[in-house]
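Okay, structure first, notes after.
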Amino acid sequence: MKPVTIAIIGAGDRGLYAYAPYTLSHGDEGKVVAVAEPREGRRAKAKAMFGIPDKNIFADWRALARKPRLADAVIIATQDRDHKAPAVALAKKGYHILLEKPMASTAADCKAIVKAVKAAGVIFAVGHVMRYSPYFSRLKSFLDSGVIGEIVSIEHLEPVGYWHQAHSFVRGNWRNSKETSFMLLAKSCHDIDILRYLTGRPCVAVSSFGSLKHFRKEEKPAGAGMRCVACGYEPKCPFSAKKIYLTGKTEWPVSTLTDDLTPEGIAAAVETGPYGRCVYECDNDVVDHQVVNLLYEGGVTASFTMCAFTVTTGRQTRIMGTRGEIVGDREKFTHLDFLTDKSTVYNPAQEAGFSGHGGGDEGLIRSFLAAVRDGDATRIASGPDVSLETHLTVFAAEKARLKGTVEKIRLS
Ligand SMILES: NC(=O)c1ccc[n+]([C@@H]2O[C@H](COP(=O)([O-])OP(=O)(O)OC[C@H]3O[C@@H](n4cnc5c(N)ncnc54)[C@H](O)[C@@H]3O)[C@@H](O)[C@H]2O)c1
C-alpha cells in the first residue's frame, strides 16, 4: 500500500503531536514529507521526528504553496485566525485537507473555506475529534439502533476544569476574543458539533447566557501580587502557576510554556513568561461559564453548559429518549431501559484503549488517510457541510449571548 504523503502546516502542539505521530507507527498508511513552520526549533523537531528532507522545509505556508504540489494532503494546525488563508490556497493547489477546529473565526471565513474545498473537489475533514472516539462512535451507533426510542432531549456538560481554564483561557492562547476565538468557538465547538452528531438533526434555533465572572481584576484577593512567584496569596490560590506548572512533569500543559523543558527552563518561564501571570491580572476576556439552549428539527431540545469551575473530567451527557435514558461521562455510559427497568454499563473507551481525546485524534487521522487513499469522503464524519452547519450554530449562539436574543440558524 502506498502511504498518503502529508505536509504539516504549523508545527505547534497539534501540528506535531496530535495526528502526525500516527504515521510513525503506521508507515504504510501515511508519511510526513514536508513542514511549514516559522519557529526554527519546531522545524528542526519536525525534521528529526519525521525525517523530512531539507528541500521540503519551509518557514511559512505561503512558500510551500508557491511550489508545485509536493504531498497528497496537508494538516493545517496554525492558530484559529490563520486557518482560512492556507485552507483556501492549498485547496486550490489540490491538497486534501485535515483542518484543525475551529474551521475559522468568522462565519464568512468558514463559508469561504467550504466553497474552496468543494470547488477543488478535495477530501476535507475538520478536527472534530470526538466524532471519531470509540466512546462517541459507540454511543452514536447505540442511539441509531433505536434502543432508547426517539431522542427527545439531551443535557450536556463540558467541565473545562479550573486549571485548564487558567492555562488556556486566562493566561494562554485562547484568552482574548479580540486576538483569537471566543470561548464557545475555541472550546465548545466540539460540544455543539457532538450534539448535532448525537441528535442526527440540524439545529434550528439557539439562546445563550454567560459571562466572565471570576478571572477579573475586581475579583483579585487582597495581598495578591502580579506574578505567582512574588505573591503573598499564592499558597491559598488554586490557580497558582507554581502549583500548576512546577510539578516536575514536562508534558502538556507544561510543554506549552517553553521549548526548554529542563527544571530551570520551566522555572524561568513561570518567573517571566505569560503563564506565570496572576490570573486576576491578565488581558483575558473570554467567558468562564456559558449555557446554550438548542432547538433541533422535529422539536428535539438540548441544553449545554461549559464551566471553568469544575475538576477536569470527561464531558457529562444525559440523553433522554422515549424508551430509555443514557448517562455517560466520555469513558463509559449507562443505558437505563424503561420497559425492563434494567441498567447496563458500556465502556467503549476502556475496550479500545486510550489515546489523545479519548482515541479521537487517532480515529480522525486514520479515517482521513483512508478517505484520501480510497478517494472516499464518506469515511469523514466531520466533512464540509456538517462542519459549516455546526460552526454557524456556534456563531448564532454567541450572537444570542451578546444580544440577549433567540437566534435562528441560517445556513446560507
Ligand atoms: N482538535 C482539538 O481538539 C484541538 C485541541 C487544541 C487545539 N486545537 C486547534 O489547533 C490549532 C493549533 O493549536 P496549537 O495549540 O497547536 O497552537 P500552536 O500555537 O502551538 O501552533 C500553531 C503553529 O502555527 C505556526 N504558524 C504561525 N504562522 C505560520 C505560518 N505562516 N505558516 C506555518 N505555520 C505557522 C506557529 O508558529 C505555531 O507553531 C488551533 O486552531 C487550535 O484551536 C484543536
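Just so you know, these numbers come straight off a predicted model, no measurement behind them. Keep in mind that the numbers below use all heavy atoms, side chains included, and drop hydrogens, waters and symmetry copies.
Using a 30° and 60° split on the angle between ring planes, Phe169 and Trp174 fall in the tilted class, from 30° to 60°. The aromatic rings of His26 and Tyr22 sit parallel to each other, their planes meeting at less than 30°, with 60° as the upper class boundary. Ring planes of Tyr280 and His214: perpendicular class, angle over 60° (limits at 30 and 60°). The aromatic rings of Phe309 and Phe239 lie perpendicular to each other, with more than 60° between the two planes, well past the 30° mark.
Distance check, rounded to the nearest 0.5 Å: CZ of Phe58 to CD1 of Ile52 gives 10.5 Å. Going from atom CG of Leu392 over to atom NZ of Lys399 covers 11.5 Å, rounded to the nearest 0.5 Å. The CG atom of Leu336 sits 14.0 Å away from the CZ atom of Arg323 when rounded to the nearest 0.5 Å. Rounded to the nearest 0.5 angstrom, Asp260 CG and Ile266 CD1 are separated by 8.0 Å. Between Cys189 atom SG and Leu184 atom CG the span is 8.0 Å, to the nearest 0.5 Å.
Counting only distance, with no hydrogens or angles, the side chain of Thr310 and the backbone of Thr312 share no donor-acceptor pair below 3.5 Å. Under a 3.5 Å cut-off, the side chain of Ser168 and the backbone N or O of Gly172 do not form any donor-acceptor pair. A donor-acceptor pair under 3.5 Å is absent between the side-chain atoms of Arg318 and the main chain of Ile326, judged by distance alone. The backbone N or O of Glu179 sits less than 3.5 Å from a side-chain atom of Arg81, completing a donor-acceptor pair. Looking at Arg138, its side chain never comes within 3.5 Å of a backbone N or O of Ser133 through a donor-acceptor pair.
No side-chain heavy atom of Asn347 sits under 4.5 Å from any side-chain heavy atom of Phe333. The closest side-chain heavy-atom distance from Ile380 to Tyr132 is below 4.5 Å. Between Val114 and Met103, the closest side-chain pair of non-hydrogen atoms falls below 4.5 Å. Looking at heavy atoms from C-beta onward, Arg196 lies in side-chain contact with Pro202 at the 4.5 angstrom threshold. Side-chain atoms of Ser208 and Gln290, non-hydrogen and from C-beta on, do get closer than 4.5 Å to each other. Counting heavy atoms from C-beta on, the side chains of Glu29 and Val4 never come closer than 4.5 Å. Looking only at side-chain heavy atoms (C-beta outward), Val254 and Trp252 stay at 4.5 Å or farther from each other.
No option in Glu407, Lys408, Lys403 other than Glu407 meets the side chain to side chain donor-acceptor pair (under 3.5 Å) test with Thr405. Each of Arg315, Lys187, Arg131 was evaluated against Asp193; a single residue qualifies, Arg131, per the salt bridge (Lys or Arg N to Asp or Glu O under 4.0 Å) test. Just one residue in the list Lys45, Arg39, Arg42 forms a salt bridge (Lys or Arg N to Asp or Glu O under 4.0 Å) with Asp13, and that residue is Arg42.
The side-chain tip of Arg14 points at the ring of Tyr19 from less than 6.0 angstrom away and within 45° of straight on. In this structure, Lys140 is positioned above the aromatic face of Tyr197, its NZ or CZ under 6.0 Å from the six-membered ring centre and within 45° of the axis.
Under a cut-off of 6.0 angstrom, the local environment of CD in Glu150 is sparse, with at most 12 non-hydrogen atoms contributed by other residues, nucleotides or ligands. Around NZ of Lys220, the count of heavy atoms belonging to other residues, nucleotides or ligands within 6.0 Å exceeds 12. By the neighbour-count criterion of 12 heavy atoms within 6.0 Å, atom CZ of Phe338 is densely surrounded, having more than that number from other residues, nucleotides or ligands. Residue-environment remark: NZ (Lys101) exceeds the threshold of 12 foreign heavy atoms within 6.0 Å. Counting non-hydrogen atoms of other residues, nucleotides and ligands closer than 6.0 Å to NZ of Lys93 gives a total above 12.
Counted by atom type alone, Glu158 and Ser188 present zero donor-acceptor pairs between their side chains at under 3.5 Å. Side chains of Ser303 and Asn293: a donor-acceptor N/O pair is absent below 3.5 angstrom, by distance only. For Asp80 and Ser105, the side-chain atoms include no donor-acceptor pair closer than 3.5 Å. When only modelled atom types and interatomic distance are considered, Thr317 and Glu155 share no side-chain donor-acceptor pair under 3.5 Å. Donor-acceptor pairing under 3.5 Å is recorded for the side chains of Thr340 and Asp337. Residues Asp109 and His83 bring no donor and acceptor atom of their side chains to less than 3.5 Å of each other.
Ring centroids of Tyr346 and His335 are separated by 6.0 Å or more, keeping the two rings apart. Phe124 has its ring centre no less than 6.0 Å from the ring centre of His96.
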Determine whether Val287 and Met306 satisfy the following criterion, side-chain contact (heavy atoms from CB on, under 4.5 Å), listing intermediate values before the conclusion. CA-CA 9 Å; Val287 302; Met306 70 73 33; 4.0 Å; yes
